[in-house]
Amino acid sequence: MRRHIDGILLFIVALVPYAWQLDRNGWANEYYAAAARSMSRSWHDFWFASFDPAGIMSLDKPPLAAWVQAASVHVFGFNSWALLMPQAVMGALAVLLVWAIARPQWGRVAGLVAGVALLATPIATAMSRHNNPDALLVLLCTGALWATLRTCRTGRIRWAALAGVLVGLGFLTKLGAALLVVPGLAVAWLLAAPTIRRALTGTAAFVFPMVAVAISWPLTTVLVASGKRPWLSGTSDDSIWSLIVGYNGAGRVTGQAGGGGGMGGGSGIFGGSAGLLRLFNESLSGQIGWLLGGAVAVLVVGFTMTRGRRDPRLHWLVAVCGWLLVAGGVFSVASGIFHPYYVSLLAPPVALLIGAGAGLLGELRGIELRVVAPTLVASAAAGQLAVAIGQGDSAVVAMVVLPLALATVVAALVSHGRAAALAAAGVAGLALLWTPASWSVQTLGHATAGTFPSGGPSSQSMGMGGGGGGMFGGSSSSVDQALAYVRANGGGVLAISSQSDATAAIIDGATDLAAIGGFSGNESEVTIDWLADRVEAGDIRWLLTSSDDRTPSMGRTGARDVLAAAATACTAASGDDAPSGLVDCQGKADALRTAGD
């Protein structure tokens, strides 16, 4: 118990800010909040991650993160705390795991520094207070790293199997994003395995559970007929493979049709322009870049100090480096849909490397210490100054961090005592944590809500709320008017185009509303035959054909063709209170099919 006291304290210390005035964030991303309420109503909607309580269309992500939120809402009621507290716990557990990964290899101080570094990372704080899937993704990937390194250290294959299960669960959280950690884990194990046979055994023990877990939920969508489950949002063919490989896979890296609201890759909410220096641009650097320069310097120094293939430090560095370089590289060149909060996946490896740097300094003596300490500090300070200048927040860095860093360099070079050099490095390290930590603290002072959460001062907020219209939707007032008419004229489910337009009503408790065009109304291309089948089954009665008057985005037309067919084949609502474009399709399934021919 005593040897774990540091980790327990770190968990508690992390949970306090992550849960601090959590209800300030309201529903955070209303898209996921609406889905959690819908999924908490029935097992069918829960399993298939239905966005709407009518079970018409799913989320555009796999279900694991939404399962956690829906389960919490089912148990504790639909409120902000029930929705967001699971993510706060996940964030604190990630801090605990980072400590558990750094401590065995680099020592007690390294474990503490790594945990504090993660806690000081602005985007990690933001995502631990938000209901996007990324907090769970980060936790599972960090757990997979921890289990893999235990395999490398002990040779026990069961830890490789656990790592595979965790990556598989990560796949059920955010699909291919979880696989970005795998190359580093694989290379680390292949270096650590004592024999080729052992290497193959461990690899199989990792791969088979990973694949089994990863495909478990997708297979159910294949085995269940389309009309018996929600349409898979983000697809044009209702195929899980299109969602995995296309919309949420290669399309995110190479560019894709649909989504994005037509904003384009140069927009700040889409991470700025792709390129090798993307992580250091104005949109991303303030979220993850403060400690990145120091982390890279630790990598270089650490690799030069390893002693061959069997050195456990090499395995550790390879696993962490692989995660950082692969994920960072993909994020840098991705030209599809990319948002700044995605870089939260880089926070654990960066924090771990900062912790490893503290551990390295503790091992050095004499001239090595006097050279390495100022090198690491100077690199970290230079990287932090570059970020601060780009963010317009360079005053504190210039007046506090740089002078202390310079003092460390001088002290380390002229010092004849190891204690003095380490003390100087420690003071500089605290100074280097000051700015990112202050950004993390500022995150607590304002609502971290909307579709695009970010850490730091309120000026960094890119919220763009997910409901009630705005950049991704039309007018929610027209939806409210249509629902009122529908309820006064026979009831039934009303279908509109954009899920973003439906969020507010579903959060308020509407059970008779669905959206069939995807998140913004552009992503899901349902077919007229599918709509006719849903109308014939009584799943949909009304359609608001005027609910999508936005320009088609990036090559997709969403539900526009279907709505146009409904406007022709179905009966227009009548009366002074009838909203424009509202049609009644009851009994019109055959007419819809004919309109589609």
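Index from 1, following the sequence.
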### Message
My understanding is that only one of T125, L119, L291 makes a side chain to side chain contact (heavy atoms under 4.5 Å, CB included) with P436; could you say which?
### Response
L291
### Query
How far apart are the C-alpha atoms of L352 and L145, what are their side-chain angles, what is the distance that settles it, and do they pass the side chain to side chain contact (heavy atoms under 4.5 Å, CB included) test?
CA-CA 11 Å; L352 283 165; L145 174 64; 3.5 Å; yes
### Query
Between CG of L83 and CZ of F78, what distance do you get to the nearest 0.5 Å?
6.5 Å
#### Entry: Heavy-atom closest pair, residues T151 and W189
CG2-CZ3, 3.4 Å
### Task
Report yes or no: does S332 contribute a side-chain atom to a donor-acceptor pair with the main-chain N or O of G328 at less than 3.5 Å?
yes
### Query
What are the two closest heavy atoms between G357 and L376, and how far apart are they?
O-CD1, 4.3 Å
### Heavy-atom side-chain contact between L118 and W99 under 4.5 Å
no
### Query
So do the side chains of F452 and P340 get within less than 4.5 Å of each other, counting heavy atoms only?
no
### Message
Does atom CZ (R108) have a neighbourhood of more than 12 heavy atoms from anything else shown, all under 6.0 Å?
### Response
no
### Query
So, do W81 and F76 have ring centers that fall under 6.0 Å from each other?
no
### Message
Could you check whether R278 makes a cation-pi contact with F338, meaning its NZ or CZ is under 6.0 Å from the centre of the six-membered ring and within 45° of the ring axis?
### Response
yes
### Task
Answer whether the closest heavy-atom distance between the side chains of V296 and S379 falls below 4.5 Å.
no
#### Entry: Note, L140 side chain near L64 side chain (heavy atom, < 4.5 Å)
yes
### Message
Do P133 and L137 have side chains that approach each other closer than 4.5 Å (heavy atoms only, starting at C-beta)?
### Response
no
### Summary
In this structure, CG of L324 is separated from CG of L292 (nearest 0.5 Å) by 6.5 Å
### Task
Show the numbers, then the answer: is there a side chain to side chain contact (heavy atoms under 4.5 Å, CB included) between N25 and H130?
CA-CA 8 Å; N25 295 338; H130 198 271; 5.9 Å; no
### Query
Is there a donor-acceptor pair closer than 3.5 Å between any side-chain N or O of R24 and the backbone N or O of A447?
no
### Message
Closer than 3.5 angstrom, by distance alone: can the side chain of N79 be matched with the main-chain N or O of G77 as a donor-acceptor pair?
### Response
yes
### Message
Please verify the inter-ring angle class for W159 with W146; under 30° counts as parallel, over 60° as perpendicular, anything in between as tilted.
### Response
perpendicular
### Message
Is it the case that the side chains of Y31 and Q499 hold a donor-acceptor pair, with the cut-off being a distance below 3.5 Å and no angle test?
### Response
yes
### Task
Indicate whether the side chain of N29 and that of N132 have a donor and an acceptor atom separated by less than 3.5 Å.
yes
### Message
So T443 and I123, do their side chains get closer than 4.5 Å, heavy atoms only?
### Response
no
### Message
Would the distance check show the side chain of T306 and the main-chain N or O of L314 forming a donor-acceptor pair, the cut-off being under 3.5 Å?
### Response
no
### Message
Donor-acceptor pair, distance only, cut-off 3.5 Å: does the side chain of R129 make one with the backbone of P17?
### Response
yes
### Task
Evaluate the side-chain proximity of M305 to L360: yes if any heavy-atom separation is below 4.5 Å, no if none is.
yes
### Task
Describe, in one word, how the ring planes of W106 and W316 are oriented to each other, choosing from parallel (under 30°), tilted (30 to 60°) and perpendicular (over 60°).
perpendicular
#### Entry: Minimum heavy-atom distance between L345 and W323, given as atom pair plus value
O-NE1, 3.0 Å
### Task
Taking salt bridge (Lys or Arg N to Asp or Glu O under 4.0 Å) as the test, write out the residues that go with R313, two or more places apart.
D311, E363
### Message
For a quick test of reading the model, state the closest non-hydrogen atom pair linking P122 to G456 and the distance between them.
### Response
CB-N, 4.2 Å
### Query
Can S454 and Y341 be said to form a side chain to side chain contact (heavy atoms under 4.5 Å, CB included), step by step?
CA-CA 6 Å; S454 58; Y341 65 84; over 6 Å; no
### Query
Q384 and V387: side chain to side chain contact (heavy atoms under 4.5 Å, CB included), yes or no, with the steps?
CA-CA 5 Å; Q384 193 163 120; V387 172; 5.6 Å; no
#### Entry: Any donor-acceptor pair under 3.5 Å from D23 side chain to G26 backbone
no
#### Entry: From Q69 atom CD to L136 atom CG, the distance as rounded to the nearest 0.5 Å
9.0 Å
### Task
Could you tell me the separation between the CH2 atom of W20 and the CG atom of L444, rounded to the nearest 0.5 Å?
9.0 Å
### Task
May I have the step-by-step check of side chain to side chain donor-acceptor pair (under 3.5 Å) for S520 and E523, ending in yes or no?
CA-CA 7 Å; S520 70; E523 298 82 3; 2.7 Å; yes
#### Entry: Where L243 and L175 come nearest, the two heavy atoms and their spacing
O-CD1, 4.0 Å
### Query
Would you call W434 and W290 a side-chain contact if the rule is heavy atoms closer than 4.5 Å?
no
### Query
Rounded to the nearest 0.5 Å, what separation is found between the CG atom of L93 and the CD atom of Q87?
12.0 Å
### Query
What are the two closest heavy atoms between D60 and Y32, and how far apart are they?
OD1-OH, 4.4 Å
### Message
Measuring from atom CG of D508 to atom CZ of R37, what distance do you get when rounded to the nearest 0.5 angstrom?
### Response
8.0 Å
